[in-house]
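Proteins get letters first, then strands, A, B, ... in listed order; numbering begins at 1 in each.
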Protein chains: 2
Amino acid sequence: MPCSGPHPVEPLAALAGRLRQHACRLTGPRQAILDLLRHQTHPLSNREVLAQLPVGHCNLATIYRAMRLLEGLGIVQRFDFGDGVARFELVREGTRGHHHHLICVRCAQVVELEDCFPPEFEARIAERNGYKQVRHKLEFFGVCPQCQ
Amino acid sequence: MPCSGPHPVEPLAALAGRLRQHACRLTGPRQAILDLLRHQTHPLSNREVLAQLPVGHCNLATIYRAMRLLEGLGIVQRFDFGDGVARFELVREGTRGHHHHLICVRCAQVVELEDCFPPEFEARIAERNGYKQVRHKLEFFGVCPQCQ
DNA sequence: ATCGCTGCAAAAATTTTGCAGGTAA
DNA sequence: TTACCTGCAAAATTTTTGCAGCGAT
């Protein structure tokens with residue numbers, strides 16, 4: 001069941017337009033990566049992207065470069081599950097990519113979370129310490145129903 | 001100003017006792033690592049630990065092995081600032097190591113945070129999804145007063 | 001025709017592991 | 001003494017980079 005959730009992903013053409021706005025080209029490998037990400041509900045590591053692409057369709061180094069570019073353009077978001085591997089997810093319309101995950105420590109099942117703590121909590125931390133432009137990374141870990 | 005904060009670190013002897021309880025030995029390198037961590041207020045990467053130890057006093061591989069051991073025993077806690085380098089901090093008395101950080105994205109200054117969002121927030125997420133033993137990792141990033 | 005992009009290979013960086021010898025208990 | 005531990009070196013991973021050539025616009 002791809003593309004579930006309340007926030008739909010953009011069509012490939014819209015993503016291509018966003019690339020061109022920044023004088024970046026929509027090449028074959030980038031199309032393949034974006035189209036793969038569009039059909040995912042959870043973040044994928046670069047190696048997983050490589051594995052799911054047709055053989056010889058794209059080089060791993062190209063995926064790394066594409067992800068860094070797309071992250072900079074706000075098209076994908078980087079997540080860190082604490083296992084030393086970066087994972088990437090397409091930013092969905094209506095969000096700014098800000099959401100969190102609940103990850104099973106046994107089977108690595110991932111639940112996409114919509115909610116977050118009240119923004120006052122972050123604002124208070126920022127103000128108390130004189131920090132500006134404060135954001136956060138938050139991930140939950142536990143044992144999923146099947147693994148209990 | 002080492003050892004600041006409301007929760008004092010344990011004396012080296014107490015840490016040694018905790019090692020022995022688990023049939024682990026208090027060796028020279030481990031003493032050096034623990035004593036160094038005792039005097040830190042912020043997490044240190046393994047390479048930073050190596051650099052701050054007297055030359056030839058300890059091997060980097062030994063530090064990696066020691067940290068993994070100490071983490072398993074609950075003596076140190078691992079933190080992840082999202083830059084691909086693990087950092088470690090001694091667990092202070094009275095806490096179970098649970099706390100968060102506010103990190104400057106410009107100069108990497110670190111503020112230790114005492115507070116956290118209300119536990120009901122996490123409990124609700126756990127219950128909704130049928131997960132058990134849910135914990136979380138949370139770090140804040142922003143621009144510190146000096147870097148603004 | 002640019003100039004960006006890709007593939008390949010090599011390099012860099014972090015972390016893990018094998019093994020022979022050393023050492024705490 | 002007997003495990004456990006360490007140093008060294010090599011390996012395993014993840015990620016980055018150089019470079020020659022290809023390709024989108």
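Other residues, nucleotides and ligands contribute more than 12 heavy atoms inside 6.0 Å of the CD atom of B:Q146. For CD of A:E127, the number of neighbouring non-hydrogen atoms (other residues, nucleotides, ligands) closer than 6.0 Å is 12 at most.
For the residue pair A:H42/A:E89, the side-chain donor-acceptor check at 3.5 Å is not satisfied.
If you take CE of B:M67 and P of D:dT6, they are 12 Å apart, rounded to a whole angstrom. Nucleotide D:dT15 holds its C1' atom 10 Å from the CZ atom of A:F88, rounded to whole Å. Atom NE2 in B:H22 sits about 13 Å away from atom P in D:dC5, given to the nearest Å. We find that CG of B:D83 is positioned 14 Å from C1' of D:dT14, with the value rounded to whole Å.
Secondary structure note: stems in DNA chain C built from 3 or more consecutive Watson-Crick or G-U wobble pairs under 3.5 Å occupy C:1-25 with D:1-25.
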Item to check | Test log, rule ring pair (Phe, Tyr, Trp, His ring centres under 6.0 Å), inputs A:H101 and A:F81 | outcome: CA-CA 9 Å; A:H101 300 93; A:F81 290 178; 5.3 Å; yes
Next on the checklist: I'd like to know whether B:E10 forms a salt bridge (charged side-chain N to carboxylate O under 4.0 Å, His left out) with B:R18, so could you lay out the CA-CA distance, the side-chain angles of the two residues, the decisive distance to 0.1 Å, and finally the verdict.
Outcome noted: CA-CA 11 Å; B:E10 296 177 76; B:R18 289 224 256 160; 2.3 Å; yes
Item to check | Derivation and outcome, side-chain hydrogen bond (donor to acceptor under 3.5 Å, both in side chains), residues B:E114 and B:H99 | outcome: CA-CA 6 Å; B:E114 293 282 330; B:H99 66 284; over 6 Å; no
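Residues passing the ring-ring contact (aromatic ring centres under 6.0 Å, His included) test with A:H98, sequence neighbours excluded: A:H100, A:H136. Among residues two or more places apart in sequence or in another chain, the ring-ring contact (aromatic ring centres under 6.0 Å, His included) test is passed with B:Y131 by none.
Within the model, atoms CG of B:L37 and CD1 of B:I75 stand 10.5 Å from one another, a figure rounded to the nearest 0.5 Å. In this structure, B:K132 NZ and A:C104 SG are separated by 13.5 Å, a value rounded to the nearest 0.5 Å.
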Checklist entry - In B/S/- notation, 5' to 3', how is nucleotides 20-25 of chain C contacted by protein heavy atoms closer than 4.0 Å? => result ---BBS
Checklist outcome for this item: In 5'-to-3' order, the base (B), backbone-only (S) or no-contact (-) status of each nucleotide in nucleotides 9-17 of chain C, using a 4.0 angstrom heavy-atom cut-off, is B----SBBB
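Note on B:E139 versus A:K137: no salt bridge recorded, every NZ/NE/NH1/NH2 to OD/OE distance being 4.0 Å or above.
If you check residues 48-58 of chain B against DNA chain D, the residues with a heavy atom closer than 4.0 Å are B:H57, B:C58, listed by number.
A tilted orientation is assigned to the rings of A:F117 and B:F140, their planes being inclined by 30° to 60°.
Looking at every heavy atom in both residues, B:Q148 comes nearest to B:V143 through NE2-O, 3.0 Å.
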